[in-house]
Amino acid sequence: PSPTIWGMNEGLARIVIPTLVSILVFLAGVLVNWFSKNSTNRIKAISFKQSILYWCRKLIPTLEKQKLALEQFAKEVSSLDEINTVSLSLYPIHFDQLNTIPLEKYIYAFKDTTIINSKKNKKQYVESTEYYTYGLIYQFTYISDLNNQIKTEYDIYLNKVKFYMDEWNKANKIGKDICDQIVSTYPQNAEAKELKAIIISVLNNAPNGVCISFMKEKYVNPILHWSSQNMNHQDFGVKAQKLRSIFLALDELLFLYQTEIKKGYAARYSDSAQRLNEGIKSMKNAIDYFDQCKTKYIVKHYI
C-alpha cells in the first residue's frame, strides 16, 4: 500500500498539511493581534476614565470651598449696613482642558465600555449609564460657565458699589454746601440754627463710611423734614427747595442701593451657591456610579 500521513495519501498530505499549518499560523497571528489591540483599547479606556474621575475627586473640595465662599458673601452683603464692598474669595477652577476633549471620547470611555451589572434590569442600567455619563460631561461646561459668571458679576458688583458711593459723595457735597451757605448767611436765624444742629450732630456721631441706617435716620430724614418746613421761607426758601430735591435723591439712592446691592446681589450669589451645590452633587453621584461599574472585556475602538 501507498504510505499515508494522518490517513491521507503522502503526496496530498504534503500539500494539505503545510497549507493547514499556514492557515493556523495566520489565524493565530490575527488572534494575537486582535487580543493585543483589544487589550490596548481596554487599558486606554480604563486609564482615561480613571484620570477623569480622579481629577473630579480632586476638584470637588475646591468647588465646596467656593460654594461656602458664595454663601458667606451673600450673607455679609445682605447684612452690611453701609455703602461698601464685601470681599469674595475666588478659587481656581479649571475646566478648559476637559472641555476641549471631544464628546465622543467621553461617551465611549464612560458609556459604551461600561458593563451593565444586571440582565434583569438591563434597560434601567443602560439609562443610568447614559444619565451619569452625560450628567458628568455637562457639569464640566456648566460649572465652568457658572464660575466665569460669578467672576464677571463680582466685577460688576464692585463697580456698582463704587457708582453708588460716587453718587452719594457728589450729591451730598452739593447738599452740604447749600446747608453751609444757609447757616453762614443767616447765623442768627432760628431755622438756620436748627439746620446747623442737624449737621453738627451728624459730624459728631456718624460712624466711618456711609452707614445707611444712621444716614437715613439722623441725616436724610431730618433735613428732608427741615427743608419741607422752610420751602416758603422768605430768605432761603429757594435754597430749601433745592436742598429738598437733593436729599430726596439721596433717599432714593439709599433705597436703590438696598434693593439692587443688599437684596439683589445677596439673592443672586445665594442662588449661585445653590446651583454650584447641585453641580457638586451631580459630579459625586457620577463618580460613585462609575466607581462601582466595570469595563467591558471587548473594547472595539481606540480612544
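One distance of note links OG1 of T113 with NZ of K44; it measures 14.0 Å at 0.5 Å rounding. Rounded to the nearest 0.5 angstrom, E130 CD and D112 CG are separated by 9.0 Å. Between the OH atom in Y131 and the CG atom in L136 there is a gap of 11.5 Å [rounded to 0.5 Å]. Between atom CD1 of residue I174 and atom CG of residue N169 there is a gap of 11.5 Å, rounded to the nearest 0.5 Å. With values rounded to the nearest 0.5 angstrom, C293 atom SG is found 11.0 Å from D288 atom CG. The distance from atom CG of L80 to atom CD1 of I261, rounded to the nearest 0.5 Å, is 10.5 Å.
Enclosure of atom CG in N205 by more than 12 non-hydrogen atoms of other residues, nucleotides or ligands within 6.0 angstrom is indicated. Around the CG atom of D155, the shell of radius 6.0 Å holds more than 12 heavy atoms that belong to other residues, nucleotides or ligands. Within 6.0 Å of the NZ atom in K262, the count of heavy atoms belonging to other residues, nucleotides or ligands exceeds 12.
Cluster membership for I200 and I198, using ILVMFWY side-chain heavy atoms within less than 4.5 angstrom, is not shared. By the criterion of side-chain heavy atoms lying less than 4.5 angstrom apart, applied directly or through intervening Ile, Leu, Val, Met, Phe, Trp or Tyr residues, Y138 is grouped together with Y132 in one hydrophobic cluster. Grouping the Ile, Leu, Val, Met, Phe, Trp and Tyr side chains by contacts below 4.5 angstrom, directly or via other members, places I223 apart from V238. A single hydrophobic cluster is not seen to contain both Y289 and Y54; linkage of ILVMFWY side chains at heavy-atom distances under 4.5 Å, directly or through other members, places them apart. In the hydrophobic cluster analysis, where Ile, Leu, Val, Met, Phe, Trp and Tyr join through side-chain heavy atoms closer than 4.5 angstrom, Y91 is grouped apart from F73.
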Side-chain donor-acceptor distances from residues 144-151 under 3.5 Å, at least two apart:
| unit_1 | atom_1 | unit_2 | atom_2 | d |
| --- | --- | --- | --- | --- |
| N148 | ND2 | S144 | O | 3.3 |
| Q149 | NE2 | E153 | OE2 | 3.3 |

Just distance, no hydrogens or angles: give the donor-acceptor pairs under 3.5 Å from side chains in residues 242-250, sequence neighbours left out.
| unit_1 | atom_1 | unit_2 | atom_2 | d |
| --- | --- | --- | --- | --- |
| R244 | NH1 | S228 | OG | 2.5 |
| S245 | OG | K242 | O | 2.7 |

Tell me which donor-acceptor pairs under 3.5 Å the side chains of residues 253-260 have, and how far apart each pair is, sequence neighbours excluded?
| unit_1 | atom_1 | unit_2 | atom_2 | d |
| --- | --- | --- | --- | --- |
| Y257 | OH | E82 | O | 3.2 |
| Y257 | OH | N84 | N | 3.3 |
| Y257 | OH | N84 | O | 3.3 |
| T259 | OG1 | F255 | O | 2.9 |
| E260 | OE1 | Y164 | OH | 2.6 |
| E260 | OE2 | K160 | NZ | 2.4 |

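In this structure, K193 has no salt bridge (charged side-chain N to carboxylate O under 4.0 Å, His left out) partners at least two apart in sequence or on a different chain. Evaluation of the side-chain hydrogen bond (donor to acceptor under 3.5 Å, both in side chains) rule for E217 yields no partner, not counting sequence neighbours. With sequence neighbours left out, D166 forms a salt bridge (charged side-chain N to carboxylate O under 4.0 Å, His left out) with K162. Under the ring pair (Phe, Tyr, Trp, His ring centres under 6.0 Å) criterion, F140 pairs with F95, Y106, sequence neighbours left out. Every residue two or more places apart in sequence or in another chain that forms a salt bridge (charged side-chain N to carboxylate O under 4.0 Å, His left out) with K170 is listed here: E167. Every residue meeting the side-chain contact (heavy atoms from CB on, under 4.5 Å) condition with A206, not counting sequence neighbours, appears here in chain and number order: V202, F214, M215. Partners of K216 under the salt bridge (charged side-chain N to carboxylate O under 4.0 Å, His left out) rule, at least two apart in sequence or in another chain, are D251.
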Test L63 against I143 for side chain to side chain contact (heavy atoms under 4.5 Å, CB included), laying out the working first.
CA-CA 9 Å; L63 295 175; I143 296 178; 3.8 Å; yes
Determine whether L158 and Y154 satisfy the following criterion, side chain to side chain contact (heavy atoms under 4.5 Å, CB included), listing intermediate values before the conclusion.
CA-CA 6 Å; L158 295 176; Y154 184 62; 3.7 Å; yes
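Side-chain contact check for K239 versus T185: every heavy-atom pair is 4.5 Å or farther apart. Counting only heavy atoms from C-beta outward, the side chains of Y219 and V210 never approach each other to under 4.5 Å. Counting only heavy atoms from C-beta outward, the side chains of I287 and I60 approach each other to under 4.5 Å. The side-chain heavy atoms of I107 and Y134, taken from C-beta on, include a pair separated by under 4.5 Å. Side-chain contact between L195 and F236 is absent, with no heavy atoms from C-beta onward closer than 4.5 Å. Taking 4.5 Å as the limit, some side-chain heavy atom of F48 sits within range of a side-chain heavy atom of I101. When side chains are defined from C-beta on, F290 counts as touching T129, because their heavy atoms get closer than 4.5 Å. A heavy-atom distance below 4.5 Å is not found between the side chains of Y157 and L88.
The minimum heavy-atom distance linking A74 with A266 is given by the pair CB-O, 3.3 Å. Taking all atoms of both residues into account, the shortest heavy-atom contact from E191 to W226 is O-NE1, 2.8 Å. When every heavy atom of S227 is checked against every heavy atom of M231, the shortest pair comes out as O-CG, 2.8 Å.
A side-chain donor-acceptor contact under 3.5 Å links S79 to the backbone of K75. A donor-acceptor pair under 3.5 Å is absent between the side-chain atoms of N230 and the main chain of H233, judged by distance alone. Q66 contributes a side-chain N or O that, together with a main-chain N or O of S89, makes up a donor-acceptor pair within less than 3.5 Å.
Pairs passing the side-chain hydrogen bond (donor to acceptor under 3.5 Å, both in side chains) check and including a residue from residues 266-287, sequence neighbours excluded, read E64-K284, Q139-S282, Y142-R275. Here ring pair (Phe, Tyr, Trp, His ring centres under 6.0 Å) pairs that include residues 192-211, with residues two or more places apart or in two chains, number zero.
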